[in-house]
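See structure below.
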2 protein chains.
Amino acid sequence: MAATPRGAGDRSRSAQRPAPQAERRADARRNIKSILDAAQLCLARDADASVADMAKAAGVGRVTLYGHFKTRADLVDAVLTRTMEQSDAALDATDTTGDPREALTRLVGASWRIVHQLHSVLRAAHRELPPERIRAVHDRTLQRVQTIIDRGRDAGAFRDDLPQRWMVTTVFSLMHAAAEDTAAGRLDADDAARVISATLLAALTAPGTAVPAPAP
Amino acid sequence: MAATPRGAGDRSRSAQRPAPQAERRADARRNIKSILDAAQLCLARDADASVADMAKAAGVGRVTLYGHFKTRADLVDAVLTRTMEQSDAALDATDTTGDPREALTRLVGASWRIVHQLHSVLRAAHRELPPERIRAVHDRTLQRVQTIIDRGRDAGAFRDDLPQRWMVTTVFSLMHAAAEDTAAGRLDADDAARVISATLLAALTAPGTAVPAPAP
DNA sequence: CAGAACTCGAACACGTTTGTTCAGGTTGAC
DNA sequence: GTCAACCTGAACAAACGTGTTCGAGTTCTG
């Protein structure tokens with residue numbers, strides 16, 4: 001324990017000190033953020049990146065990393081949290097009112113870039129973190145989609161014959177599928193948002209004349 | 001060279017079996033196909049299963065496994081190949097003629113059980129085998145879907161404003177998403193085929209009145 | 001200057017997995 | 001019975017990942 005760097009929070013002592021130490025702590029925190037950014041980038045490139053890889057990407061020693069994050073899971077969790085915060089920030093800026101179909105289109109457009117760049121991070125987290133944690137972090141984003149869908153349903157614009165959860169799953173599934181197709185060169189990244197929206201709108205809006213009824 | 005067992009099995013003389021010491025011995029005499037079945041089951045339960053796990057599941061020594069398959073990748077590849085063969089066999093039995101929408105529905109119904117049970121195997125393979133290999137093994141199944149979609153397009157039943165490849169991706173993506181939702185208890189397995197079909201038909205059929213047209 | 005705070009590389013202990021080698025056991029063919 | 005094919009567990013080497021410890025360096029502060 002003697003060799004363990006004290007970590008980011010030693011606030012007990014600096015309560016009264018005016019500027020100098022506070023600056024250092026600010027530095028440390030900024031440092032951590034930039035480390036997280038690097039780790040995020042690293043995980044985005046390779047979901048199997050080791051702690052050593054992330055440390056190198058951050059230009060930092062592996063030991064230093066373990067000083068800030070007790071375990072690899074902690075680090076991944078922090079990266080995930082940061083990722084979702086950024087995502088939420090971007091999504092908060094999009095208007096989700098008005099016509100549900102247009103709202104969904106806008107939301108997809110805003111989400112696409114994020115998913116496109118970070119779905120690898122999510123995959124890494126999905127494999128290494130407990131499911132309830134994943135669920136918790138996704139909650140806000142999930143809720144956002146669900147709200148639009150519910151609203152569209154009430155307005156009669158979205159179909160009523162499928163489970164809500166499945167409709168939400170559909171949205172996320174197609175986004176990630178598009179991300180993988182893009183990474184594999186099978187889909188143009190610039191066209192993806194349009195394609196996803198067009199597919200989703202058709203899939204989720206109220207059944208039209210084109211759908212054959214399997215009933216008698 | 002000494003470590004490599006010569007033959008694939010002793011199927012020619014297995015007619016008489018007087019009094020085997022234990023069942024494990026009998027298990028040990030099973031042929032490669034049944035080993036692959038066990039490995040398949042093992043991978044279906046846990047995509048991260050080690051060679052030791054698969055050997056144990058097959059009731060066979062790890063060394064014996066390495067006698068049949070030079071590396072772990074070879075084993076996974078063999079399991080994948082067998083999986084796709086079974087899948088193809090099941091899919092060959094389904095009628096893909098007639099109305100493209102109904103054909104797609106039938107194909108989804110037939111595929112669902114397979115994907116439902118084996119998508120974990122596919123994930124394992126996806127992570128450990130080179131992408132072109134995955135692509136090659138999937139080719140027949142891919143082609144099957146593509147054929148229906150192309151036919152539906154020509155008939156004017158399926159929409160024309162999305163890349164074919166994306167439409168194929170949509171089919172597979174939703175199937176796997178449903179498999180995961182089912183595993184997580186968010187979707188009823190018995191209802192899945194209906195839900196998938198209903199979603200896909202809406203997503204892929206020609207735009208109806210419910211879809212807001214972006215152009216005149 | 002002294003010391004706290006933070007950092008660093010090197011190296012260690014530990015676990016897991018892959019793939020190989022070895023010495024021996026069972027089985028059916030001849 | 002003998003022999004070869006086939007199987008087996010035990011044990012090994014090598015690689016890789018995680019987490020910890022050590023000794024030493026830097027930098028800012030008092």
Side-chain angles (χ1 to χ4, degrees), chain A residues 1-14 16-32 34-35 39 42-43 46-56 58-76 124 127-128, chain B residues 1-32 34-35 39 42-43 46-56 58-77 124 127-128:
Chain A
M1 51 187 92
T4 304
R6 304 307 181 278
D10 53 317
R11 16 185 163 14
S12 57
R13 188 195 191 92
S14 59
Q16 294 181 342
R17 293 291 175 270
Q21 294 205 354
E23 253 181 34
R24 285 207 61 155
R25 283 194 294 117
D27 263 10
R29 244 182 246 141
R30 180 159 33 103
N31 223 358
I32 290 185
S34 70
I35 287 178
C42 193
L43 280 181
D46 176 16
D48 290 327
S50 69
V51 175
D53 292 332
M54 290 186 266
K56 202 161 89 177
V60 124
R62 201 165 58 97
V63 183
T64 306
L65 222 52
Y66 274 109
H68 290 303
F69 308 97
K70 232 176 132 53
T71 97
R72 176 204 168 83
D74 279 5
L75 174 56
V76 173
R127 207 170 52 215
E128 304 186 43
Chain B
M1 55 183 98
T4 304
R6 316 294 184 287
D10 45 308
R11 34 197 167 347
S12 57
R13 40 165 165 276
S14 61
Q16 182 149 10
R17 202 179 304 137
Q21 282 267 94
E23 262 191 12
R24 293 181 62 181
R25 291 300 179 218
D27 280 352
R29 298 297 175 217
R30 292 188 304 180
N31 56 19
I32 291 188
S34 65
I35 288 180
C42 191
L43 280 181
D46 176 16
D48 290 328
S50 68
V51 175
D53 293 331
M54 290 186 269
K56 202 162 86 177
V60 126
R62 203 165 57 95
V63 183
T64 306
L65 223 51
Y66 275 110
H68 290 305
F69 307 97
K70 231 175 131 52
T71 98
R72 176 204 168 83
D74 278 4
L75 173 56
V76 173
D77 192 295
R127 207 170 53 218
E128 304 185 43

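Reminder, nothing fancy here: chain letters follow the sequence lines and each chain counts from 1. Because the structure is a prediction, the values reported are computed rather than measured.
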Taking [atom1] from [X] and [atom2] from [N], how many angstroms apart are they, rounded to a whole number?
| X | N | atom1 | atom2 | value |
| --- | --- | --- | --- | --- |
| B:R72 | D:dA15 | CZ | C1' | 15 Å |
| A:D74 | D:dT20 | CG | P | 11 Å |
| A:M54 | D:dT18 | CE | P | 7 Å |
| B:D48 | C:dT17 | CG | P | 9 Å |
| A:L75 | D:dG17 | CG | P | 15 Å |
| B:K56 | D:dG9 | NZ | C1' | 14 Å |
| A:E128 | D:dG17 | CD | P | 12 Å |

**Report entry** Side chain A:R62 and base C:dG9 donor-acceptor under 3.5 Å
**Finding:** no
So if I take every side-chain heavy atom of [X] and compare against [options], which nucleotide ends up nearest?
| X | options | value |
| --- | --- | --- |
| B:V63 | C:dT18, D:dC22, C:dT21 | C:dT21 |
| B:S50 | D:dG17, C:dT18, C:dT20 | C:dT18 |
| A:N31 | D:dT18, C:dT7, D:dA10 | C:dT7 |
| B:Y66 | C:dG19, D:dG19, D:dT8 | C:dG19 |
| B:T64 | D:dG19, D:dC7, C:dA10 | D:dC7 |

Report summary line: Looking only at heavy atoms, the pair that brings B:A124 and B:A47 closest together is CB-O, 3.5 Å
Query raised in the report: Within the pair B:H68 and D:dC6, is there a side-chain N or O less than 4.0 Å away from OP1 or OP2?
Result: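 So the side-chain polar atoms of B:H68 never come under 4.0 Å of the phosphate oxygens OP1 or OP2 of D:dC6.
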Distance, nearest 0.5 Å, that separates [atom1] of [X] from [atom2] of [Y]:
| X | Y | atom1 | atom2 | result |
| --- | --- | --- | --- | --- |
| A:T71 | A:E128 | OG1 | CD | 9.5 Å |
| A:L65 | A:K70 | CG | NZ | 14.5 Å |
| A:M54 | A:L75 | CE | CG | 4.5 Å |

**Report entry** Derivation of the side chain to side chain contact (heavy atoms under 4.5 Å, CB included) call for A:D74 and A:Y66
**Finding:** CA-CA 10 Å; A:D74 279 5; A:Y66 274 109; over 6 Å; no
